[in-house]
Amino acid sequence: MATSAPHPHLSEYEVWWRSHYNFLKEKGYNLRSRYSPDWVPSWTNTNKIDINCEDGIVPPHYLVLDARRIQDGARVSLKRIDVSRHPYEIEIGRYFSTPPLSIDPANHCIPIYDVLEVPSDDHTVILVMPLLRDVTNPSFDTVGEVVDCIHQLFEGLRFMHRHHVAHRDCMQLNILMDGCMFTDGWHPSEQYMSEDLKRPARHRTRMQSPPRYYFIDFGISRKYEASNTNPLEDPIFGGDKEVPEFKEDSFKPRNPFPTDVWYLGHAIQEIFLDRYSGVEFLNGLVSDMMHSDPAQRPTMDEVFSRFQVIRQGFSTWKLRSWVAPDGKIFSFDFLAHWARRIQYIIRRIPPTHTSLS
């Protein structure tokens with residue numbers, strides 16, 4: 001069978017990855033068995049059903065697939081991009097992936113490991129990046145864990161803005177984290193399950209193994225000259241369709257930097273304020289970030305400074321306190337939190353892993 005031919009168990013976009021299986025292997029990256037030209041589904045001639053098998057799960061995004069780097073076994077993410085539609089994604093990604101910016105601890109842009117030019121297709125390249133995961137899973141447990149996450153997100157977007165880059169789509173889905181909390185691998189399409197899909201993925205808490213948070217997807221990002229203090233761009237609706245200035249007038253050119261501030265404020269509202277109690281300290285700052293008038297929003301320098309003042313007032317006791325998922329407060333969860341809290345104190349695990357700046 002030709003590798004580009006239709007397959008009864010693969011979607012059309014998966015067939016594209018299958019047809020490039022050998023190309024990627026030559027470049028040093030192994031796709032999962034599902035995409036091998038010789039793949040025979042593991043549930044064949046058994047009583048199993050596909051969704052219960054590791055090789056039966058369809059990836060959630062047609063442009064992104066996981067792989068392993070053959071050289072060291074590292075898990076990576078492959079992103080297929082059309083450079084004619086997104087001409088700046090590689091340039092901006094490489095800008096933040098090159099020293100000295102790449103080694104700056106304030107840089108929270110996903111690094112690009114490699115750029116693969118697809119043969120016989122001048123418009124398509126594959127970006128190789130670290131495999132990251134959903135920022136909301138597992139749940140946050142303490143105020144300190146929330147503080148660490150917010151600190152990194154504010155630091156990261158401030159870093160981009162200080163280098164004159166507007167993200168333009170820094171919504172919740174474009175904020176991910178590394179997998180250092182997980183004691184073994186997770187399945188990239190079912191992130192709460194182990195890599196072999198046989199049990200829940202095992203993990204520590206964020207306080208025990210603090211993750212690093214990243215901004216991804218620079219497809220509509222732009223870099224400006226330092227002298228251009230008020231760049232104007234035609235509105236582009238990213239994944240979040242609620243930007244007030246775009247809803248007011250979807251044709252009027254706008255400065256994308258205040259819009260970035262709104263996007264991040266809304267992401268924080270969705271990740272924390274809409275889901276947890278105990279995070280009310282974020283209300284005032286997030287409200288200002290989401291002001292309907294872009295001119296009234298704080299800059300990311302101001303956002304970061306204000307957050308430092310907020311966290312400076314927190315005692316160790318406050319930082320170790322529970323952030324309970326709204327509507328899911330059970331006595332068992334409360335007792336489990338206290339058991340962890342006592343353990344952290346005994347083991348002298350600090351309540352936060354980021355420092356006041």
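Note on residues 98-139: no pairs pass ring pair (Phe, Tyr, Trp, His ring centres under 6.0 Å), not counting sequence neighbours.
Counting non-hydrogen atoms of other residues, nucleotides and ligands closer than 6.0 Å to CG of Asn45 gives a total of 12 or fewer. By the 6.0 Å contact criterion, CZ on Arg85 is open, its count of non-hydrogen atoms from other residues, nucleotides or ligands being 12 or less. Atom CD of Glu12 has 12 or fewer heavy atoms from other residues, nucleotides or ligands within 6.0 Å. Heavy atoms of other residues, nucleotides or ligands lying less than 6.0 angstrom from CD of Glu117 number 12 at most. Counted within 6.0 Å of CD on Gln296, heavy atoms from surrounding residues, nucleotides or ligands total more than 12; the atom is thus considered enclosed. Other residues, nucleotides and ligands contribute more than 12 heavy atoms inside 6.0 Å of the NZ atom of Lys318. Counting heavy atoms of neighbouring residues, nucleotides and ligands inside a 6.0 Å radius, atom OH of Tyr62 does not exceed 12 of them.
Looking at Glu233, His163, His164 one by one, the single match for side chain to side chain donor-acceptor pair (under 3.5 Å) with Tyr224 turns out to be Glu233. Of the options Ile342, Asp141, Ile345, Thr352, a side chain to side chain contact (heavy atoms under 4.5 Å, CB included) to Arg320 is made by Ile345 and by none of the others.
Counting all heavy atoms, side chain and backbone alike, Pro256 lies closest to Pro231 at CD-O, 3.5 Å. Taking each heavy atom of Ser42 and Cys53 in turn, the nearest pair found is OG-CB, 3.5 Å. In terms of heavy atoms, Pro59 sits closest to Ser189 at CA-OG, 3.3 Å. Taking all atoms of both residues into account, the shortest heavy-atom contact from Leu10 to Trp39 is CD2-CZ3, 3.9 Å. When every heavy atom of Asn137 is checked against every heavy atom of Met177, the shortest pair comes out as O-CE, 3.2 Å. Heavy-atom minimum distance, Val83 versus Asp122: CG2-O, 4.0 Å.
Between the CZ atom of Phe218 and the SG atom of Cys109 there is a distance of 4.0 Å, given to the nearest 0.5 Å. His266 contributes atom NE2, which lies 4.5 Å from atom CE of Met290 (distance to the nearest 0.5 angstrom). The CG atom of Leu78 lies 9.5 Å from the CG atom of Leu127; values are rounded to the nearest 0.5 Å. One finds the CD1 atom of Ile271 at 6.5 Å from the CG atom of Leu153 (value rounded to the nearest 0.5 Å). Going from atom OH of Tyr88 over to atom OH of Tyr95 covers 16.0 Å, rounded to the nearest 0.5 Å. One distance of note links CD1 of Ile103 with OG1 of Thr98; it measures 11.0 Å at 0.5 Å rounding.
Between the side chains of Asp114 and Tyr29, a donor-acceptor pair is found at a separation under 3.5 Å. Between the side chains of Thr142 and Arg340, no donor N or O sits under 3.5 Å from an acceptor N or O. Judged by distance alone, the side chains of Thr259 and Glu245 do bring a donor and an acceptor atom under 3.5 Å apart. No donor-acceptor contact under 3.5 angstrom links the side chains of Asp301 and Thr299, judged on distance only. A donor and an acceptor atom, one from each side chain of Asp50 and His9, are nowhere located under 3.5 Å apart. For Thr205 and Tyr344, the side-chain atoms include at least one donor-acceptor pair closer than 3.5 Å.
Residues satisfying the side-chain hydrogen bond (donor to acceptor under 3.5 Å, both in side chains) criterion with Asp288, sequence neighbours excluded, are Arg306.
A donor-acceptor pair under 3.5 Å is absent between the side-chain atoms of Ser305 and the main chain of Glu302, judged by distance alone. Proximity of a side-chain donor or acceptor of His86 to a complementary backbone N or O of Glu89 within less than 3.5 Å is not detected. Arg297 places a side-chain N or O within donor-acceptor distance of the main-chain N or O of Pro258, the cut-off being under 3.5 Å. For the pair Thr46 (side chain) and Trp43 (backbone), a donor-acceptor distance under 3.5 Å is present. Side-chain atoms of Asp260 never come within 3.5 Å of backbone atoms of Ala166 as a donor-acceptor pair (strictly under, hydrogens ignored). Side chain of Arg206 to backbone of Pro138: a donor-acceptor contact under 3.5 angstrom is found. With Asp55 contributing its side chain and Pro41 its backbone, the two residues share no donor-acceptor pair below 3.5 Å. Side-chain atoms of Arg275 come within 3.5 Å of backbone atoms of Glu270 as a donor-acceptor pair (strictly under, hydrogens ignored). Ser97 places a side-chain N or O within 3.5 Å of a backbone atom of Ile112 that can act as its donor or acceptor partner. In this structure, Arg68 contributes its side chain and Asn30 its backbone to no donor-acceptor pair below 3.5 Å.
By the 4.5 Å heavy-atom criterion applied to side chains, Gln208 and Gln343 are counted as neighbours. Here the side chains of Arg254 and Phe246 are in contact, with some heavy-atom distance below 4.5 Å. Annotation: side chain of Pro188 is in contact with side chain of Arg75 (closest heavy-atom distance under 4.5 Å). Between Pro130 and Asp178, every side-chain heavy-atom pair lies at or beyond the 4.5 Å cut-off. Inter-residue side-chain proximity for Arg212 and Gln152 is flagged as met; some heavy-atom pair is nearer than 4.5 Å. At least one side-chain heavy atom of Arg94 sits under 4.5 Å from a side-chain heavy atom of Val115. Between Met289 and Phe154, some side-chain heavy-atom pair lies under the 4.5 Å cut-off. The side-chain heavy atoms of Ser77 and Asp66, taken from C-beta on, include no pair separated by under 4.5 Å.
Note that Arg341 lies in the cation-pi zone of Trp317, set by a 6.0 Å cut-off to the ring centre and a 45° limit from the axis. Under a cutoff of 6.0 Å and an axis angle of 45°, Arg133 and Trp186 form a cation-pi pair.
In terms of hydrophobic clustering, with Ile, Leu, Val, Met, Phe, Trp and Tyr side chains grouped at heavy-atom distances under 4.5 Å, Val125 and Met129 are assigned to a common cluster. Grouping the Ile, Leu, Val, Met, Phe, Trp and Tyr side chains by contacts below 4.5 angstrom, directly or via other members, places Val309 apart from Leu285. The hydrophobic cluster containing Leu176 also contains Phe96, counting ILVMFWY residues as joined when their side-chain heavy atoms lie under 4.5 angstrom apart, directly or transitively. Under a hydrophobic clustering in which Ile, Leu, Val, Met, Phe, Trp and Tyr are joined whenever their side-chain heavy atoms come within less than 4.5 Å, directly or via other members, Met207 and Phe314 fall into different clusters. Residues Phe281 and Phe272 share a hydrophobic cluster, clusters being chains of Ile/Leu/Val/Met/Phe/Trp/Tyr side chains in contact below 4.5 Å.
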CA sep, side-chain torsions, deciding dist, call: Arg199, Asp184, salt bridge (charged side-chain N to carboxylate O under 4.0 Å, His left out): CA-CA 11 Å; Arg199 54 177 169 73; Asp184 48 19; 2.7 Å; yes
Phe304 vs His151, ring-ring contact (aromatic ring centres under 6.0 Å, His included): CA-CA, chis, key distance, verdict: CA-CA 8 Å; Phe304 187 79; His151 178 101; 5.2 Å; yes
Derivation and outcome, side-chain contact (heavy atoms from CB on, under 4.5 Å), residues Arg158 and Val303: CA-CA 9 Å; Arg158 180 184 69 158; Val303 168; over 6 Å; no
